[in-house]
There are 2 protein chains.
Amino acid sequence: MSKTTIAIADAQYLIRVGLRHLIEGFEQFEIVGEAGCEKELLEVLENHSPNVVILDYQQPKNFDISSIEKIKSTSPKSKILVISGDNEKENIYNVVQNGVSSFLTKSCDEEEIINAIKATAKQEKFFCNKILNFILEKSFAKPEDCSLIPLSPREIEIVRLVVDGKIAKEIASELNLSTHTIYTHRKNIMNKLELKSTSELVLYAVEKGIVKSPV
Amino acid sequence: MSKTTIAIADAQYLIRVGLRHLIEGFEQFEIVGEAGCEKELLEVLENHSPNVVILDYQQPKNFDISSIEKIKSTSPKSKILVISGDNEKENIYNVVQNGVSSFLTKSCDEEEIINAIKATAKQEKFFCNKILNFILEKSFAKPEDCSLIPLSPREIEIVRLVVDGKIAKEIASELNLSTHTIYTHRKNIMNKLELKSTSELVLYAVEKGIVKSPV
DNA sequence: ATCCTTATTTAAACTAATTCCAAATAATTT
DNA sequence: AAATTATTTGGAATTAGTTTAAATAAGGAT
């Protein structure tokens with residue numbers, strides 16, 4: 001069984017030493033390069049195409065989010081394991097979207113780091129619990145409490161039908177109301193929510209969970 | 001340090017035996033009950049409030065998705081670890097949305113099962129790789145290749161503006177075109193996509209990644 | 001108990017958006 | 001060269017939607 005080759009990309013010397021020390025305790029791992037900045041890293045990648053690249057992208061001037069794309073184009077077979085102290089959800093979503101295999105925070109312990117490297121090398125994914133919770137939050141955020149939506153039950157009913165693509169006439173006939181009633185409701189809805197168009201209303205409804213997200 | 005108490009809820013006798021055998025190999029775990037159907041399970045929960053409930057919800061007549069809600073209301077402190085052979089993404093999303101802590105498939109190996117139990121007992125979450133990939137797919141699906149969308153570049157441009165809430169007149173002035181041009185484009189778009197309303201178009205655009213999802 | 005606010009309902013007159021039909025030009029494919 | 005697709009436009013007819021105004025009912029506040 002051949003060894004898992006690893007490159008360490010971190011601007012901080014001490015982190016590199018720590019990772020090296022930790023990883024060298026496992027026979028199946030082999031560190032083929034260390035890099036303190038992007039230029040160094042790309043050189044390592046060209047020469048070794050390691051199985052796993054351990055990266056902290058959050059180091060201005062040395063590495064940043066765009067480094068991920070560069071790693072992928074320089075060494076497409078290398079899997080990326082991020083270890084970052086980043087706390088910005090948007091950044092993290094962006095990085096996950098970018099297709100890294102694994103994501104740890106700097107507070108993870110030895111066991112998690114080793115498990116993450118193993119999973120990454122096996123082409124699997126690994127996210128530490130904090131990141132996993134962020135991901136779940138994005139995917140499975142509880143629909144907001146409808147009581148937080150400043151719309152009356154009737155109005156919400158009408159929003160659903162509007163989002164369903166129905167025009168005032170159809171909604172009126174479905175609810176046995178005058179079309180004028182629907183127009184009034186709709187105007188009130190738009191005023192309350194400060195929206196200007198049906199499109200915005202549809203997006204609002206999806207966002208607030210009034211209707212099921214198409215995605 | 002007190003033991004992690006576990007209840008096993010699975011209609012299949014052999015699975016229960018297998019789990020029991022596996023779990024009993026670890027001193028820190030203690031099985032406080034086994035259940036082959038929902039009624040038995042609720043009894044176990046009332047008597048023991050175990051830290052972890054291992055459940056296969058996909059067993060008609062014995063357990064189903066609604067069992068999860070019942071577990072949570074009967075024993076709110078128990079964390080739920082699902083082990084299921086379910087392959088329906090919609091089901092799985094539904095279950096994860098319902099707030100289970102962990103989700104394994106029946107093809108997971110011993111190490112994963114034990115890691116999952118440990119994580120669940122620590123109030124953490126654990127998803128095996130297959131489930132994790134489903135979850136990532138839900139929120140981080142790559143925008144579909146625009147070449148798969150049967151719209152011309154101009155049409156896509158107009159879809160974006162429509163979704164942005166702009167009406168024909170505004171779009172026309174933005175693109176220096178006649179409003180009639182916009183109407184024609186929009187009609188063609190609707191015909192091509194077999195859509196009947198602006199709302200459907202907005203949802204289509206979100207779904208296909210033509211515009212960024214609001215969620 | 002009365003007042004006030006919000007929710008719900010409706011209409012007439014008006015304005016604006018949209019569709020239908022028809023067609024021209026340019027670019028691409030066959 | 002012919003056919004298809006993409007892009008553009010206009011006039012007439014239709015339809016949807018806005019504005020303004022108002023009535024009824026329900027619930028909360030004083």
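This structure is a prediction, so every number in the text was calculated from the model and none was measured. Basis for what follows: all heavy atoms, side chains included, without hydrogens, waters or symmetry-related copies. In the text below, chain A, chain B and the rest are named by the order of the sequence lines, each starting its count at 1.
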Could you go through residues 175-184 of chain A and list every donor-acceptor pair under 3.5 Å that involves a side-chain atom there, pairing it with any protein atom two or more places apart or in another chain?
unit_1	atom_1	unit_2	atom_2	d
S178(A)	OG	H180(A)	N	2.9
T181(A)	OG1	S178(A)	O	3.4
T184(A)	OG1	H180(A)	O	2.9

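Every salt bridge (charged side-chain N to carboxylate O under 4.0 Å, His left out) that K192(B) has, sequence neighbours left out, goes to E155(B). For Q59(A), the side-chain contact (heavy atoms from CB on, under 4.5 Å) partners two or more places apart in sequence, or in a different chain, are D10(A), A11(A), Q12(A), D56(A), N62(A), F63(A), K106(A). Remark: T4(A) engages I6(A), F29(A), N51(A), V52(A), A121(A) in a side-chain contact (heavy atoms from CB on, under 4.5 Å) (not counting sequence neighbours). For R16(B), the salt bridge (charged side-chain N to carboxylate O under 4.0 Å, His left out) criterion is met by E34(B), not counting sequence neighbours. Listed by chain and number, the residues in a side-chain contact (heavy atoms from CB on, under 4.5 Å) with S101(A) are K79(A), T120(A) (sequence neighbours excluded). For K118(B), the salt bridge (charged side-chain N to carboxylate O under 4.0 Å, His left out) test picks out no residue, with sequence neighbours left out. A116(A) pairs by the side-chain contact (heavy atoms from CB on, under 4.5 Å) definition with L81(A), L104(A), F126(A), not counting sequence neighbours. Remark: E124(A) engages no residue in a side chain to side chain donor-acceptor pair (under 3.5 Å) (not counting sequence neighbours).
Nucleotide dG17(D) holds its C1' atom 17 Å from the NZ atom of K196(A), rounded to whole Å. Atoms CD1 (I171(B)) and P (dT7(D)) sit 15 Å apart, rounded to a whole Å. Computed from coordinates, the K169(B) NZ to dT15(C) C1' distance equals 10 Å when rounded to whole Å. Distance CG (N191(B)) to P (dC21(C)): 12 Å, rounded to an integer number of Å. Atom CD1 in I167(A) sits roughly 20 Å away from atom P in dA16(C) (whole-Å rounding). Regarding E170(B), its CD atom lies at a distance of 12 Å from the C1' atom of dA16(C), rounded to whole Å.
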query = Can you give one letter per nucleotide of nucleotides 25-30 of chain C, going 5' to 3': B for a protein heavy atom under 4.0 Å from the base, S for sugar-phosphate only, - for none?
reply = ------
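The C1' atoms of five pairs define one axis at each end of the helix from dA1(C)-dT30(D) to dT30(C)-dA1(D), and these two axes lie 50° apart (to 10°).
Taking a cutoff of 4.0 Å between a charged side-chain nitrogen and a carboxylate oxygen, R154(B) and E157(B) qualify as a salt bridge.
Looking only at side-chain heavy atoms (C-beta outward), V96(B) and F127(B) come within less than 4.5 Å of each other.
For the pair Y183(B) and dT19(C), the criterion of a side-chain N or O lying under 4.0 Å from OP1 or OP2 is not met. At dT18(D), one or more side-chain N or O atoms of R186(A) fall inside 4.0 Å of OP1 or OP2 (strictly under the cut-off).
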Table of protein N/O atoms under 3.5 Å from nucleotides 7-11 of chain C N/O atoms:
unit_1	atom_1	unit_2	atom_2	d
dA7(C)	OP2	K192(A)	NZ	3.4
dT8(C)	OP2	S152(A)	OG	2.1
dT9(C)	OP1	R154(A)	NE	3.3
dT9(C)	OP1	R154(A)	NH2	2.7
dT9(C)	OP2	R154(A)	NE	2.9
dT9(C)	OP2	H185(A)	NE2	3.0
dT10(C)	OP2	S178(A)	N	2.9
dT10(C)	OP2	T181(A)	OG1	2.8
dT10(C)	O4	T184(A)	OG1	3.0
dA11(C)	OP2	S178(A)	OG	3.4

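Of the candidates dC20(C), dT19(D), dG17(D), dC20(C) carries the atom nearest the K187(B) side chain, counting heavy atoms from C-beta on.
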